[in-house]
Protein chains: 2
Amino acid sequence: MPKPMLQIALDTLTVDEAIENVEKIYKYIDVIEVGTILIASQGKKAIKEISNKYKDKIIVADGKIADAGSVFAMMFFDNGADFTTAICAAETQTIKSVLDTAKLYGKDKDVQIELTSNFNWKQVEEWKKIGIKQVVYHRSRDAQLAGVNWTQNDIKTIKKFDEMGFKVTITGGISLKDIEFFKDVNVYIFIVGRSIRDAENLSLEAQKFKDQIDKYYA
Amino acid sequence: MPKPMLQIALDTLTVDEAIENVEKIYKYIDVIEVGTILIASQGKKAIKEISNKYKDKIIVADGKIADAGSVFAMMFFDNGADFTTAICAAETQTIKSVLDTAKLYGKDKDVQIELTSNFNWKQVEEWKKIGIKQVVYHRSRDAQLAGVNWTQNDIKTIKKFDEMGFKVTITGGISLKDIEFFKDVNVYIFIVGRSIRDAENLSLEAQKFKDQIDKYYA
């Protein structure tokens, strides 16, 4: 089973705080996410400053695009994003326009569909048909606060996406233990946010996540 | 039938351009929307600068919140928004957390659910149950570009929301003719963006929209 990548989600309010975090964990991560919270707080300059500084990492602008696909895609790719996200509720036309824009920017640019529990498999078939390759499987922050845990149902759904040919990224309060929980499914990227950012020793915590991935995905 | 309000959507890339637009149409509009595009471009300061300048207008921060409800709601209300939006795909827990936060900020603060075609009536029942009062009925920008027009089906859906007790805002390339098309339904707000922003004479165009609303909603 291919080794999943490790992504840090930067949902800070300032770019400085985001960079301060990355500096501590730089060598353990593969992907840097400029979070929706950081984009809403600081705007596109957050994407630019972070992508300029970390040129050898994959940069995700977590735009959760819902409409005006090409406008957002151009804004994010122009500022150095490699991937951006579209929310599952977006019309398929919108998602297609993000994908078409990504193709114009180069073969390494891509769009990920951010899933909530409110999508249906008819939409997924449409995404497949237009050439979408990535989905982000998501336990919402508010669901986590309400105590919702990962279940076998999550495993089942992720396997279904995998069998349909999608690369699946997993996010939502991922802990070290969760890496083990997902060990039998193909995971493209694990996104970790507060588990690392709120740790006392960020570097040590990021290393633990990297080690855990190495352990369970040999 | 109560007279709908008129909202200008500011989906510009800079605050200066947004304010330049508002200055020309100020007296014809009731609601100013800091668009998702403008927020992604400039961050929360766009909301702050515009709300500071137009204190007697209702300010909407079109955040299309999908997760982390209270974090975004606090950010937007702290910067002067009166309403914010949550995307229909958000978990009901997320929407509730936006609504609960709005209540903490005062009785004039509210959240609107931004609809795409990808919602279901089970969700709508949930929104009703937690106390949501507003929805934004939406023809996507990308759908418009693909030539999708308003239909009797839209009228039917809007009437259903109205009968359930929701205030319905309508958006998506609204033209002067569209105001007449919707004359027999209760509309809380008409959102107009490019129809006014791209006009040769913005002031005259905004006045025409205001007159059209006065004509059909006596």
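Quantities reported herein were computed from a predicted structural model and do not represent experimental measurements.
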- Cut-off 4.5 Å, heavy atoms of chain A, and the answer for B/Thr92 is neither
- If you measure from CG on A/Asn118 to NZ on B/Lys122, what distance do you get to the nearest 0.5 Å? 7.5 Å
- Might you confirm whether atom NZ of A/Lys96 has over 12 heavy atoms from other residues, nucleotides or ligands at distances under 6.0 Å? no
- Query: What part of B/Phe76 lies closer than 4.5 angstrom to a heavy atom of chain A: side chain, backbone, both or neither?
  - Reply: side chain
- Identify the heavy atoms of A/Ala66 and B/Lys64 that sit nearest to each other, and give their distance. CB-CD, 3.7 Å
- Part of B/Ala61 lying under 4.5 Å from any heavy atom of chain A: neither
- Item | Segment of B/Ser41 engaging chain A (4.5 angstrom heavy-atom cut-off) | both
- Can you say whether B/Gln123 sits under 4.5 Å from chain A via the side chain, the backbone, both, or neither, judging by heavy atoms? side chain
- Task: Report the distance from atom NZ of A/Lys44 to atom CD of B/Gln42, rounding to the nearest 0.5 Å.
- Result: 5.5 Å
- Please examine the side chains of B/Glu114 and A/Asp67, heavy atoms only from C-beta on, and report whether any two atoms are closer than 4.5 Å. no
- Query: What part of A/Ser97 gets closer than 4.5 Å to chain B, counting heavy atoms only: side chain, backbone, both or neither?
  - Reply: side chain
- Task: Find the one option among A/Ile37, A/Ile39, A/Val71 whose heavy-atom pairs under 4.5 Å with chain B are most numerous.
- Result: A/Ile37
- Item | Verdict with reasoning, B/Gln93 to A/Val148, per side chain to side chain contact (heavy atoms under 4.5 Å, CB included) | CA-CA 11 Å; B/Gln93 278 149 327; A/Val148 176; 4.3 Å; yes
- Is A/Glu91 reaching over with its side chain to a backbone N or O of B/Thr116, donor-acceptor style, under 3.5 angstrom? no
- Does any heavy atom of chain A fall under 4.5 Å from the side chain of B/Ile87, the backbone, both, or neither of them? side chain
